[in-house]
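Whatever order the structure lists ligands and atoms in, that order sets their numbers, starting from 1.
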Amino acid sequence: MAATAASVAQELRQVPEQLPGAARAGGLAPLPLASLPKAAAGGATTPMDLGASWMLQLGKANGARFGARAMSQARTDNAADVEVLPACDAMRAWRRSPARTGRVALVPTMGNLHEGHLELVDEARRQADEVLVSIFVNPSQFAPHEDLDRYPRTFQRDLELLRSRGAAAVFAPTPDDMYPGGSPGGVVVTPSFVEGKNEAACRPFHFSGVATVCLKLFNLCRPDVAIFGQKDAMQCVVISRMLEDLMLDSQVSLVIAPTSRESDGLARSSRNAYLTPGMRSRAPAIYAALTGATQAVGATPGSVRKTVREQLEAVGMEVNYISVADRRDMSEKADGEGLADSVVSVACLLEEDGKQCRLIDNVLIPRTV
Ligand code: AMP
């Protein structure tokens with residue numbers, strides 16, 4: 001069932017860009033470093049002292065390990081072919097193969113890959129012997145009014161990018177493979193602890209869809225380590241907590257890689273493709289507002305919420321929320337509390353010429369500021 005990128009090229013042309021779906025994740029839940037399984041034993045990632053430089057946005061939060069960005073990109077000079085696993089049976093067979101003797105890292109994605117995704121692959125290569133990337137646009141994490149149908153599907157291009165970055169295999173199931181009885185399925189994971197909080201308040205069923213598909217992926221792919229991006233902060237919290245509460249944390253290590261940004265600070269995202277030139281020119285205001293407000297002398301959760309809102313509204317953005325939350329459970333901090341050990345996240349809408357794009361971003365505040 002498994003095939004190489006070259007050998008399936010023809011086949012993929014016949015099953016064009018409808019193949020994938022994806023997974024998301026993220027999570028924070030207190031785990032002592034000692035309890036982190038094989039990734040810690042391998043020593044591939046140095047735990048960051050968040051107090052050293054929170055601007056690096058690296059660290060360990062709620063038990064998740066935040067990967068240190070390497071000084072150089074992973075090598076690209078030994079790019080081999082990448083195996084395509086188009087269905088669950090092929091995925092299971094690949095994982096069970098006697099050839100799989102080393103550690104496997106999983107990078108769950110929804111495809112339409114950008115440099116941010118590829119940096120997760122780089123981190124995965126540092127964490128494991130083989131990197132498996134899933135590409136699946138997961139229907140159960142999209143609300144009916146959201147962009148499931150128009151979400152960009154660019155499988156052939158994704159495959160080439162993954163090959164050049166040294167991924168070993170790509171798991172690209174169809175929705176029917178992942179949800180034989182239809183989406184969302186009769187049994188789902190409900191991360192109730194985030195209900196009503198920032199991103200989960202805006203997207204009430206999203207994190208159940210995310211957690212459920214990630215659990216399915218973990219069961220199918222059996223990774224030793226899973227790599228997620230800090231870009232989706234609440235996702236990180238949810239996955240970490242799911243691993244811990246469902247007692248998978250001894251089997252799957254969670255590594256969270258820092259947010260990858262364009263040179264002007266805009267967080268890379270597949271949805272940046274929706275930005276018109278006018279929206280794109282305003283978008284860097286998000287990260288500028290987050291960094292400016294959180295670095296201001298005497299900043300508090302109250303001052304950060306006020307300042308960020310003012311700055312984003314001043315450039316015509318509609319703010320969904322500005323959250324200054326505890327990194328362990330995403331509960332909002334009181335206005336007058338300290339900023340330490342929080343995640344400051346924002347979601348806002350940009351509009352132009354009848355087009356709309358919703359962007360999210362966040363920064364981590366270390367334990368000591
Ligand atoms: P997605 O394809 O959007 O579901 O994302 C797949 C994974 O890539 C998730 O773990 C995201 O958090 C991560 N990711 C997306 N954008 C970025 C970025 N700019 N920097 C780091 N990770 C990212």
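- Cation-pi geometry between R358 and Y274 is not satisfied (NZ or CZ under 6.0 Å from the ring centre, within 45° of the ring normal).
- With 3.5 Å as the limit, one finds a donor-acceptor pair spanning the side chains of S140 and N138.
- Atom CE of M110 is separated from atom CD1 of I135 by 11.5 Å, given to the nearest 0.5 angstrom.
- Here is the list of ligand 1 atoms found below 4.0 Å of a heavy atom in L120: 7 (C), 8 (O), 10 (O), 13 (C), 22 (N).
- Counting atoms of ligand 1 from 1 in the listed order, those under 4.0 Å from a heavy atom of P108 are 6 (C), 7 (C).
- Neither the backbone nor the side chain of S269 comes within contact range of ligand 1; no heavy atom lies under 4.0 Å.
- Every atom of ligand 1 with a heavy atom of T259 under 4.0 Å away is listed here by number and element: 20 (N), 21 (C).
- By heavy-atom distance, the residue among E262, Q230, K231 lying nearest atom 17 (C) of ligand 1 is K231.
- Under 4.0 Å from ligand 1, not a single heavy atom of A257 appears.
- The closest heavy-atom contact to atom 2 (O) of ligand 1, among the options R268, H114, R261, H117, comes from H117.
- The side chain to side chain donor-acceptor pair (under 3.5 Å) test with Y321 singles out one residue from E199, R309, E332, and that residue is E199.
- Annotation: F205, atom CZ; neighbour count of heavy atoms from other residues, nucleotides and ligands within 6.0 Å does not exceed 12.
- Taking any N or O of M110, backbone or side chain, at least one lies under 3.5 Å from an N or O belonging to ligand 1.
- When only interatomic distances are considered, the shortest N/O to N/O separation between G229 and ligand 1 falls below 3.5 Å.
- Residue-ligand proximity, F228 to ligand 1, at heavy-atom distances under 4.0 Å covers atoms 10 (O).
- With a 6.0 Å radius and a threshold of 12 heavy atoms from other residues, nucleotides or ligands, E337 has its CD atom above the threshold.
- Under a hydrophobic clustering in which Ile, Leu, Val, Met, Phe, Trp and Tyr are joined whenever their side-chain heavy atoms come within less than 4.5 Å, directly or via other members, V104 and L248 fall into the same cluster.
- Of the inter-residue distances, the one linking L161 atom CG with E115 atom CD reads 9.0 Å to the nearest 0.5 angstrom.
- Within ligand 1, the atoms closer than 4.0 Å to a non-hydrogen atom of P258 are 20 (N), 21 (C), numbered from 1 in the order shown.
- Within the 3.5 Å criterion, the main-chain N or O of R163 finds no donor-acceptor partner in the side chain of R165.
- Comparing S260, S134, A267 against atom 18 (C) of ligand 1, the shortest heavy-atom distance belongs to S260.
- Considering T109, D232, N138, D158 only, the shortest heavy-atom separation from atom 11 (C) of ligand 1 involves D232.
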